[in-house]
Amino acid sequence: MKKIIIAGPCAAESKEQVLATLKEATLRRIDFVRLSLWKPRTKPGFDGLGDRGINLLLEAARTGINPATEVLLPDQAKKVIYTFFSAFENMRLLLWIGSRNQNHYIQREIARVVAIDKRVFLMVKNQPWESQEHWEGIINHVLEGGIDKNNLILCHRGFLPNGVNPHHYRNVPNFEMSMKMKEKFGLPIIFDPSHTGGNVVNVMKVARQAAEYDFDGMIIEVHPDPSNALTDAKQQLTWKQFDRLQKLR
Ligand code: PEP
Ligand code: MN
């Protein structure tokens with residue numbers, strides 16, 4: 001199976017930032033550009049452009065790249081799907097349920113909304129704390145929402161450190177558990193080196209470690225001007241660093 005590559009900034013921040021992203025993304029082989037519109041945040045502050053950013057997903061489609069965004073609520077999924085496919089019938093859209101969104105009513109409802117349209121893919125991340133049972137539970141809740149397995153992708157983004165963390169990662173990967181999940185559910189699983197590594201050096205390091213395992217691709221944060229990013233500034237790569245990583249893996 002061809003590796004799935006999802007790359008782009010942590011958050012869509014402005015039209016200028018998105019256009020700068022698309023200019024670089026179109027030069028590379030990328031399946032989806034990440035342009036997240038709704039951001040779960042620890043503290044109040046910038047939490048995404050929300051509805052105002054939906055037209056930026058259309059900008060991506062205009063350049064021929066399929067967009068991807070996290071959604072926190074089923075209504076957000078509905079709005080994005082409706083607006084997007086009213087403008088671009090033949091494109092694909094990827095929505096995802098993030099690590100912090102651990103309300104199974106919401107998980108199931110988002111899956112229900114996505115299940116209606118075969119052009120929409122749903123990616124589901126693991127929860128923050130380490131538990132295979134909970135991770136399996138998320139996937140089973142989403143499957144209860146009726147989503148087709150062909151439209152579902154798993155994503156590992158590490159677990160909160162709890163003891164051993166020799167590389168000082170932001171989140172500690174469990175590659176063995178990831179491979180068990182892949183096998184148990186018969187679903188593709190991609191790796192997120194950005195939220196695992198937490199800074200550029202560690203993103204590079206953990207992406208190379210992950211390359212030893214049978215992941216089906218990756219989602220990675222790349223920003224046109226990482227040091228001025230509104231979210232996750234430390235872990236976002238430049239496009240040059242992204243190219244280097246692709247050569248190293
Ligand atoms: C994200 O991918 O934008 C994100 C918030 O990551 P996570 O849900 O893994 O914390
Ligand atoms: Mn991020």
Side-chain angles (χ1 to χ4, degrees), residues 4-13 17-18 21 30-50 53 56-57 67-73 76-77 80 93-104 106-107 110 121-131 134-135 138-139 142 153-162 169-175 177-178 181 189-200 202-203 206-207 210 215 217-238 241-242:
I4 305 161
I5 306 290
I6 307 166
C10 177
E13 300 171 359
Q17 178 238 22
V18 170
T21 296
I30 285 164
D31 299 290
F32 292 92
V33 59
R34 62 166 286 155
L35 294 172
S36 215
L37 300 181
W38 290 277
K39 302 297 306 168
R41 299 307 303 275
T42 307
K43 292 181 282 212
F46 174 73
D47 61 359
L49 296 176
L56 297 176
L57 305 185
T69 177
E70 175 167 355
V71 287
L72 295 170
L73 296 168
Q76 294 164 349
V80 172
L93 182 64
L94 180 114
L95 303 181
W96 80 82
I97 298 175
S99 185
R100 304 200 208 178
N101 200 354
Q102 293 309 317
N103 175 326
H104 76 269
I106 289 179
Q107 294 168 346
I110 291 174
F121 293 82
L122 183 65
M123 181 179 86
V124 183
K125 289 186 159 196
N126 61 268
Q127 76 287 352
W129 62 94
E130 186 155 18
S131 158
H134 187 98
W135 193 1
I138 304 171
I139 299 159
V142 160
I153 301 167
L154 308 181
C155 175
H156 185 49
R157 48 75 86 201
F159 294 113
L160 277 173
N162 178 19
Y169 289 146
R170 178 178 178 187
N171 289 290
V172 181
N174 188 330
F175 297 126
M177 193 191 290
S178 302
M181 298 296 281
I189 183 164
I190 67 170
F191 184 60
D192 176 346
S194 306
H195 294 89
T196 308
N199 64 53
V200 171
N202 278 345
V203 170
V206 81
F215 282 101
M218 69 169 174
I219 178 166
I220 186 155
E221 292 186 339
V222 188
H223 192 285
D225 181 11
S227 49
N228 287 307
L230 298 182
T231 57
D232 282 346
K234 282 197 299 188
Q235 71 192 29
Q236 302 203 56
L237 306 189
T238 61
Q241 288 167 331
F242 171 81

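Hydrogens, waters and symmetry mates are skipped; everything else that's a heavy atom, side chains included, is used. When a ligand or atom number is given, it counts from 1 through the structure's own listing order.
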On the 0 to 90° scale, with breaks at 30° and 60°, tag the Phe215-Phe191 ring pair as parallel, tilted or perpendicular.
tilted

Regarding ligand 1, does Arg34 bring an N or O atom to under 3.5 Å of one of the ligand's N or O atoms?
yes

Could you identify the single nearest non-hydrogen protein atom to atom 4 (C) of ligand 1 and state the distance to 0.1 Å?
His195 NE2, 3.4 Å

For ligand 1, which atoms, with element, lie under 4.0 Å from some heavy atom of Trp96?
2 (O), 3 (O)

Quick one: which residue pairs count as a side chain to side chain donor-acceptor pair (under 3.5 Å) with a foot in residues 31-44, not counting sequence neighbours?
Lys2-Asp31, Arg29-Asp31, Arg34-Glu221, Thr42-Arg100

Determine which of the N, O or S atoms in Asp232 is closest to the Mn ion (ligand 2) and give its atom name.
OD2

Tell me whether Ser99 contacts the main-chain N or O of Asn126 through its side chain, where contact means a donor paired with an acceptor under 3.5 Å.
yes

Test side-chain contact (heavy atoms from CB on, under 4.5 Å) applied to Asp192 and His156, Lys125, Met123, the passing residue:
Lys125

Hey, is the main chain of Gln235 close enough, under 3.5 Å, to the side chain of Asp232 for a donor-acceptor pair?
no

Report the nearest protein non-hydrogen atom to atom 7 (P) of ligand 1: residue, atom name, distance rounded to 0.1 Å.
Lys125 NZ, 3.4 Å

Keeping the roles fixed (side chain from Gln236, backbone from Ser194), state whether a donor-acceptor pair exists under 3.5 Å.
no

Tell me which protein heavy atom sits closest to atom 8 (O) of ligand 1, plus the residue, atom name and distance to 0.1 Å.
Ser99 N, 2.9 Å

Could an N or O of ligand 1 be found under 3.5 Å from any N or O of Arg157, whether backbone or side chain?
yes

For Gly98, the ligand 1 atoms whose distance to one of its heavy atoms is below 4.0 Å:
8 (O)

Is Lys39 close to ligand 1, meaning an N/O of one under 3.5 Å from an N/O of the other?
yes

For atom 5 (C) of ligand 1, the protein heavy atom that lies nearest, with its residue and separation
Glu70 OE1, 3.8 Å

Would you mind naming the N, O or S atom of Glu221 nearest to the Mn ion (ligand 2)?
OE2

Angle subtended at the Mn ion (ligand 2) by NE2 of His195 and SG of Cys10, nearest 10°:
160°

When you compare the side chains of Asn174 and Glu130, does any donor N or O come within less than 3.5 Å of an acceptor on the partner?
yes

Quick one: does any side-chain atom of Glu13 pair with a main-chain N or O of Leu230 as donor and acceptor, under 3.5 Å?
yes

